[in-house]
Amino acid sequence: MEGSRESAGGVGAPEGEARFALSAAQRRLAEDARRDGREVLAPLAASGTPGRVNRPLVRALGEHGLLPALFPERVGGSRKADGSALELCVVREALALESTEAETALAMQGLGGYPILQSGTEALVRRWVPGIVRGEVVPAFALSEPEHGSDAAALETRAERDGHGYRLTGEKTWISNAPEADVYLVFARTTPDTGARGVTAFVVPGDARGLTGAPIDLVAPHPLGRLELDGVSVSAGEVLGDVDRGFRVAMRTLDLFRPSVGAFAVGMAQAALDAAIRHAGERRAFDKPLREFQAVSHALAEMATRTEAARLLVYAAAAAYDRGEPSVTRSSAMAKLFATETAQWVVDAAIQIHGAAALERGHLLEHLYREVRAPRIYEGTSEIQREVIARELYR
Ligand code: COS
């Protein structure tokens with residue numbers, strides 16, 4: 001990605017500027033993530049196959065300490081306590097400034113690892129999480145189905161009792177890292193006609209018999225695919241959390257990850273803003289630099305203001321999560337909603353300032369334009385976030 005100009009606040013902020021309440025250690029983590037992103041991860045991302053799991057990239061996230069920074073020591077991480085949402089956001093925002101592929105690979109290790117850490121038995125945690133933290137085991141979070149995306153509680157994949165275990169039958173789609181993942185968190189129905197209250201979470205090894213899949217090609221180079229479960233056998237020991245209470249496992253995970261999707265969006269918005277400021281200073285029209293036209297300077301001011309507002313909402317939601325505040329479902333949804341919608345607007349505005357050059361294949365903004373669209377859909381669409389916020393208002 002172009003340049004490494006310091007951003008106007010937060011993760012990449014110059015000394016002395018407002019940085020919310022990031023500690024010195026969190027700022028160092030952001031700087032390290034950004035440097036690794038630029039020097040190590042972006043080149044690895046460039047040498048991968050677009051739309052496929054990039055294992056050297058995932059391993060490098062482990063080796064360079066970025067995945068360990070998100071997990072506690074008991075599973076091979078570098079944190080004294082369990083994960084911090086704020087640190088997750090700091091790393092995601094920093095990586096988004098340098099390599100969206102590295103950012104997404106890191107996020108998917110977290111989205112797969114955290115439900116096991118939060119809800120798994122000691123045996124499940126020991127079996128899977130240390131490998132995820134080292135970047136050697138690639139996980140996937142398999143909730144969505146062809147007929148049920150936003151209405152996740154209506155899912156139809158069946159888990160039928162079979163001796164001491166279960167047999168899973170159904171279809172999942174738009175699953176990150178499928179079909180190449182080493183382990184899947186599969187949400188399946190254990191009790192019919194009970195909506196969210198009859199769903200159970202299972203940990204399914206990627207090589208389980210009866211589990212097949214195929215990649216899906218997306219507009220952005222994101223490893224994604226569909227899965228077919230044809231009577232896949234799992235033991236009772238592979239249930240995550242309580243039987244019929246898997247929906248809670250999913251929602252708890254999303255409470256943690258939604259602010260960090262916002263952080264990814266803020267990083268992309270900042271990268272677009274930085275590029276637009278640079279371009280407006282260099283490009284001349286009608287005998288003066290673009291930035292001297294008020295139409296451009298006011299656009300830049302608006303882009304910076306909205307990006308900073310999104311960043312503050314993201315950090316506030318993450319900090320609320322870390323303090324265990326009861327309002328976290330609402331603040332997580334607000335952070336994801338506002339930051340992803342803002343990033344889409346900022347990237348689009350940056351393209352307008354650049355003109356046609358930004359639409360050439362290979363330009364940073366062409367890349368961001370394709371990347372910025374999906375976060376308004378995955379981990380709950382903007383409409384679902386508004387639904388969650390409204391429900392919390394009425395509570
Ligand atoms: N934390 C913990 N538990 C939660 C929760 C949360 N944030 N939100 C809901 N739950 C629990 C509820 O407490 C309830 O469990 P109990 O009956 O045991 O109390 C259960 O989950 C069902 O909750 P609810 O009735 O609110 O569920 P709905 O079916 O109405 O759905 C929405 C709620 C729409 C918010 C949910 O389906 C959703 O988030 N959909 C989007 C799915 C999504 O993000 N998909 C992308 C997947 S990842 S790429």
Side-chain angles (χ1 to χ4, degrees), residues 85 92 103-105 107-116 118-119 139-157 170-178 181 184-201 216 218 220 222-227 240-262 264-265 317-318 320-321 324-337 340 373-395:
R92 291 192 69 172
E103 192 290 329
T104 303
M108 294 309 120
Q109 294 297 107
L111 188 67
Y114 257 89
I116 305 179
Q118 284 179 330
S119 308
F141 184 88
L143 177 62
S144 300
E145 299 187 351
E147 301 301 325
H148 309 285
S150 290
D151 189 5
L155 62 83
E156 291 176 84
T157 293
E171 225 182 305
K172 296 285 175 183
T173 193
W174 309 305
I175 309 305
S176 297
N177 289 336
Y184 294 90
L185 312 189
V186 175
F187 295 85
R189 180 157 305 290
T190 25
T191 308
D193 305 320
T194 46
R197 291 187 191 133
V199 171
T200 302
I216 299 172
L218 278 194
H222 182 99
L224 189 94
R226 54 178 66 88
L227 290 176
L240 202 52
D242 296 326
V243 172
D244 283 343
R245 290 290 174 274
F247 202 70
R248 278 189 183 180
V249 174
M251 292 301 125
R252 272 182 76 194
T253 305
L254 294 177
D255 278 349
L256 168 60
F257 278 86
R258 281 173 177 164
S260 76
V261 176
F264 174 36
Y321 183 94
E325 285 183 13
S327 62
V328 67
T329 297
R330 184 182 73 167
S331 43
S332 286
M334 285 179 169
K336 181 187 185 278
L337 169 66
T340 58
R373 190 62 185 83
R376 289 170 58 214
I377 297 174
Y378 61 59
E379 292 181 43
T381 60
S382 290
E383 292 71 21
I384 287 294
Q385 306 311 322
R386 292 189 184 96
E387 190 59 33
V388 170
I389 295 162
R391 287 180 185 201
E392 295 295 319
L393 294 177
Y394 299 156
R395 215 176 268 284

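Indexing begins at 1, ligand by ligand and atom by atom, following the structure's order.
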| request: Enumerate the atoms of ligand 1 whose separation from the nearest heavy atom of T329 is less than 4.0 angstrom. | output: 7 (N)

| note | Going by the 4.0 angstrom heavy-atom rule, the piece of S150 near ligand 1 is backbone

| Against heavy atoms of L143, which atoms of ligand 1 measure under 4.0 Å? | 47 (C)

| said: Treating S176 as the side-chain partner and L224 as the backbone partner, does any N or O pair qualify as donor plus acceptor under 3.5 Å? | reply: no

| query | Taking C-beta and beyond as the side chain, do L254 and K336 meet within less than 4.5 Å on heavy atoms? | reply | no

| remark: If you compare D242, D255, T253, V388 by their heavy atoms, the one closest to atom 35 (C) of ligand 1 turns out to be V388

| message | I need the nearest protein heavy-atom contact for atom 29 (O) of ligand 1: residue, atom name and distance, please. | response | A153 CB, 3.2 Å

| task | Flag the pair R252 / S119 as yes when at least one side-chain heavy-atom distance between them is below 4.5 Å, and no otherwise. | result | yes

| said: Let me confirm one number: the CG-OH distance from L185 to Y114, rounded to the nearest 0.5 Å. | reply: 14.0 Å

| request: Keeping the roles fixed (side chain from R226, backbone from I216), state whether a donor-acceptor pair exists under 3.5 Å. | output: no

| query | Against heavy atoms of A196, which atoms of ligand 1 measure under 4.0 Å? | reply | 20 (C), 22 (C)

| Who gets closest to atom 10 (N) of ligand 1 by heavy atom: E392, R197, Q385, M251? | M251

| remark: In ligand 1, the atoms that come under 4.0 Å of a heavy atom of R245 are 18 (O)

| Atom CZ of R330 with >12 non-hydrogen neighbours under 6.0 angstrom | no

| said: Starting from atom 34 (C) of ligand 1, what is the nearest protein heavy atom, named by residue and atom, and what distance separates them? | reply: I384 CD1, 3.9 Å

| field | Residue, atom name and distance, where the atom is the protein heavy atom closest to atom 21 (O) of ligand 1 | value | F247 CD2, 3.3 Å

| Are any side-chain N or O atoms of S332 and backbone N or O atoms of T329, one a donor and one an acceptor, separated by less than 3.5 Å? | no

| request: Please say whether more than 12 non-hydrogen atoms of neighbouring residues, nucleotides or ligands are located less than 6.0 Å from CD in E325. | output: yes

| Would E392 and S327 count as having a side-chain donor-acceptor pair, cut-off 3.5 Å? | no

| message | Looking at A335, is its backbone amide N or carbonyl O close enough to the side chain of R258 to form a donor-acceptor pair, meaning the two atoms are under 3.5 Å apart? | response | no

| remark: Among non-hydrogen protein atoms, atom 43 (C) of ligand 1 lies closest to G380 N, 3.7 Å

| For atom 47 (C) of ligand 1, is some protein heavy-atom partner under 4.0 Å away? | yes

| said: Once you restrict to heavy atoms under 4.0 Å, what part of L254 touches ligand 1? Side chain, backbone, both or neither. | reply: side chain

| query | Do any non-hydrogen protein atoms sit less than 4.0 Å from atom 5 (C) of ligand 1? | reply | yes

| Nearest candidate to atom 18 (O) of ligand 1, where distance is taken over non-hydrogen atoms, out of E383, R248, R258 | R248

| said: For atom 49 (S) of ligand 1, what's the nearest protein heavy-atom neighbour? Residue, atom name and distance, please. | reply: E379 N, 3.4 Å

| task | Have a look at E387, K336, R391 and point out the one with the heavy atom closest to atom 31 (O) of ligand 1. | result | R391

| request: For the pair K172 (side chain) and A178 (backbone), establish whether a donor and an acceptor sit closer than 3.5 Å, ignoring hydrogens and angles. | output: no

